[in-house]
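So the structure is just underneath, and the comments pick up after that.
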2 protein chains.
Amino acid sequence: MSKTPTPSGGFGPSIQALDPWTPSAGRMRQLLTDDERARLAVMSTIVRFKKGEIIYQEGDRADAVFNLNSGIVTTYSKAPRGREHVVAFLLADDLFGLSAEGLYTNSTRALTAVTAYRLPVAALRSRLTKDAELEFHIMCKLCQELRQARHHAFLLSQRSAVTKLAMFLQLFEQLQIAKGEPASEIHLPMDRSDIGEYTGITLAAVSRGFRTLTIRGIIKVRDRHHVRIVDRSGFEKITGDPPQSPTQLVEAGRN
Amino acid sequence: MSKTPTPSGGFGPSIQALDPWTPSAGRMRQLLTDDERARLAVMSTIVRFKKGEIIYQEGDRADAVFNLNSGIVTTYSKAPRGREHVVAFLLADDLFGLSAEGLYTNSTRALTAVTAYRLPVAALRSRLTKDAELEFHIMCKLCQELRQARHHAFLLSQRSAVTKLAMFLQLFEQLQIAKGEPASEIHLPMDRSDIGEYTGITLAAVSRGFRTLTIRGIIKVRDRHHVRIVDRSGFEKITGDPPQSPTQLVEAGRN
DNA sequence: GCAAAAGTTTGATCAGGATCAAAGATTCTG
DNA sequence: CAGAATCTTTGATCCTGATCAAACTTTTGC
């Protein structure tokens with residue numbers, strides 16, 4: 001340990017600066033190039049998890065990072081009163097395995113059957129040392145995460161359960177669009193209690209929230225995992241969102 | 001860009017990996033070395049803001065980044081129903097000015113009289129292109145921000161107003177410790193409504209929350225801006241936090 | 001294909017906060 | 001320093017969502 005990096009701990013968020021780190025419209029979800037992906041792939045092994053299986057737990061020694069290939073994963077942490085707080089839902093191409101002090105900072109569980117690439121931290125680290133391009137892309141991912149985390153906080157700061165729910169649906173709709181999938185119907189792979197733990201409301205409130213939106217003619221629930229927004233303007237009145245364009249790259253920045 | 005450091009992975013939605021980006025115990029609040037700071041300083045100008053002054057607003061053209069020198073700044077964004085959502089409080093040495101698509105993503109206001117360095121984005125960008133060290137440190141800051149944003153989300157996911165308030169106090173206490181200031185008394189430079197907007201509860205609820213904690217003998221409120229925790233274990237029972245050590249650097253990573 | 005398990009809806013009750021409102025403190029400002 | 005503007009406390013009322021619990025429904029495992 002020599003001159004260490006030094007970060008700050010401010011509370012405040014510190015870096016709220018910079019800018020060029022915004023994904024280009026076309027590649028919202030894939031921040032790495034195919035090339036980079038391939039180079040990393042040779043250093044990794046494929047791992048599979050069954051639905052419900054725990055991939056790692058908070059506090060476990062963090063010796064590897066994962067790149068989700070297929071399926072859905074949820075990251076969560078323990079909250080008081082035996083509850084769980086869902087930090088995020090991870091989709092294909094997401095990287096996960098964040099750690100601090102060599103230990104994972106939260107737990108992850110496969111929500112569906114999952115396949116992922118498991119990349120030893122040591123390998124990634126040595127690769128990063130020589131690959132500035134890769135490092136830059138990881139920086140982009142960090143910025144993206146930061147934006148997402150703040151959006152999550154914003155969602156949680158809403159007072160009404162229905163608003164939180166609507167914002168949650170909106171989030172998933174946008175994710176789906178970013179993935180290039182048809183968006184006429186929103187696919188929610190997780191169950192009601194996961195939604196509750198993400199939105200900070202109870203299971204029962206989630207259910208009632210869906211009913212309320214249905215009764216008001218805002219959404220139509222096909223089945224447990226499929227919802228369609230039938231009254232767009234009513235929906236936007238609830239989320240408070242006018243149109244809101246997807247993030248886009250403005251300035252290439254590097255090279 | 002040559003030898004780069006050793007970041008970590010991405011997550012959640014994307015980067016949730018890697019590790020070494022954890023502040024070293026000693027210099028929690030200063031991510032940049034004095035050297036780097038000096039090099040950036042020559043490219044910046046000093047700006048001053050009076051208490052209550054708006055530094056920039058969401059949507060303004062983002063042509064500069066700021067490094068807070070003295071005073072307290074708050075970042076916020078507009079929420080439905082004319083409310084404001086406080087994203088963070090910024091203290092000395094924090095960088096701010098995050099943007100996307102060339103526009104600031106939120107607004108900032110001086111909570112007290114403020115002095116800051118104003119650094120044109122173009123200058124920073126060109127500097128970053130040649131300075132891997134600096135880039136690494138900025139990466140550290142991003143990781144830190146991400147942790148903070150997630151902590152904020154966690155706080156907001158709590159059901160009880162008193163719990164949120166206690167977690168908020170805990171946060172400020174830790175910040176103060178990180179800054180190397182005596183921590184027997186917590187200094188809260190913002191007013192009650194700012195606290196409410198950060199914790200997602202109303203002004204009135206903040207006030208009642210302080211009273212509740214006082215009545216229960218957990219805290220003692222000296223005045224508007226000074227609180228002391230008098231019953232530590234009772235306090236920790238509320239926040240759900242046992243001891244919780246401050247983040248620390250595990251692996252130097254780079255030369 | 002049928003039980004058992006898991007997940008979901010719905011009900012009834014209750015408490016914690018939101019809201020609206022007014023009175024008390026503090027801190028500006030001229 | 002007095003009056004104004006701001007911030008904070010406290011009150012009264014109402015409503016949303018938490019809780020506890022029971023009836024349904026869908027999925028899973030044999």
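A note on names: the letters A, B, ... follow the listed sequences, proteins ahead of strands, and every chain is numbered from 1. The analysis underlying the following values was restricted to heavy atoms, covering all of them including side chains, and did not include hydrogens, waters or symmetry mates.
- Residue Lys50(B) contributes atom NZ, which lies 14 Å from atom C1' of dT29(C) at whole-angstrom precision.
- In this model, the phosphate group of dA18(C) is approached by a side-chain N or O of Thr202(B) to a distance below 4.0 Å at OP1 or OP2.
- Residues Glu197(A) and Arg83(A) are not paired through a salt bridge, judged by the lack of any N-O separation under 4.0 Å between the basic side chain and the carboxylate.
- Enclosure of atom CZ in Arg222(A) by more than 12 non-hydrogen atoms of other residues, nucleotides or ligands within 6.0 angstrom is indicated.
- Remark: aromatic rings of Tyr198(A) and His152(A) are close, center separation under 6.0 Å.
- If you take CD1 of Ile195(A) and P of dT8(C), they are 8 Å apart, rounded to a whole angstrom.
- Phosphate proximity of dG17(C) to Ser160(B): present, with a side-chain N or O under 4.0 Å from OP1 or OP2.
- Regarding Ile215(A), its CD1 atom lies at a distance of 11 Å from the C1' atom of dT10(C), rounded to whole Å.
- A salt bridge between Asp63(B) and Arg118(B) is present, with a side-chain N of the basic residue lying under 4.0 Å from a carboxylate O of the acidic one.
- Not a single donor-acceptor contact under 3.5 angstrom links the side-chain atoms of Arg83(B) to the base of dT19(C).
- Comparing Arg159(A) and Ser207(A) against DNA chain C, the residue whose closest nucleotide sits nearer the 5' end is Ser207(A).
- Counted by atom type alone, Thr75(B) and Thr108(B) present zero donor-acceptor pairs between their side chains at under 3.5 Å.
- Comparing Arg224(A) and Gly200(A) by the nucleotide of DNA chain D whose heavy atom lies nearest to each, the residue mapping closer to the 5' end is Gly200(A).
- Mapping Ala204(A) and His225(A) onto DNA chain D via the closest heavy atom, the residue that lands nearer the 5' end is Ala204(A).
- The nucleotide range of DNA chain D contacted by chain A, defined by atoms under 4.0 angstrom from heavy atoms of the protein and reported 5' to 3', is dG17(D) to dT28(D).
- A salt bridge does not link Asp231(A) to Lys220(A): none of the charged nitrogens lies less than 4.0 Å from a carboxylate oxygen.
- Between dC28(C) and Lys51(B), a contact under 4.0 Å exists linking OP1 or OP2 to a side-chain N or O.
- Where the helix from dG1(C)-dC30(D) to dG30(C)-dC1(D) starts and where it ends, the local axes point in directions that differ by 60°; five pairs per end, rounded to 10°.
- With hydrogens and angles left out, the side-chain atoms of Ser77(A) and Asn106(A) include no donor and acceptor closer than 3.5 Å.
- Contact check on Glu58(A) versus Lys78(A) returns no salt bridge, with no Lys/Arg side-chain nitrogen under 4.0 Å from an Asp/Glu carboxylate oxygen.
- Within 4.0 Å of Arg208(A), counting heavy atoms only, lies at least one base atom of the nucleic acid.
- Phosphate proximity of dT10(C) to Arg211(A): present, with a side-chain N or O under 4.0 Å from OP1 or OP2.
- When the shell of 6.0 Å around OH of Tyr117(A) is examined, it contains 12 or fewer heavy atoms from other residues, nucleotides or ligands.
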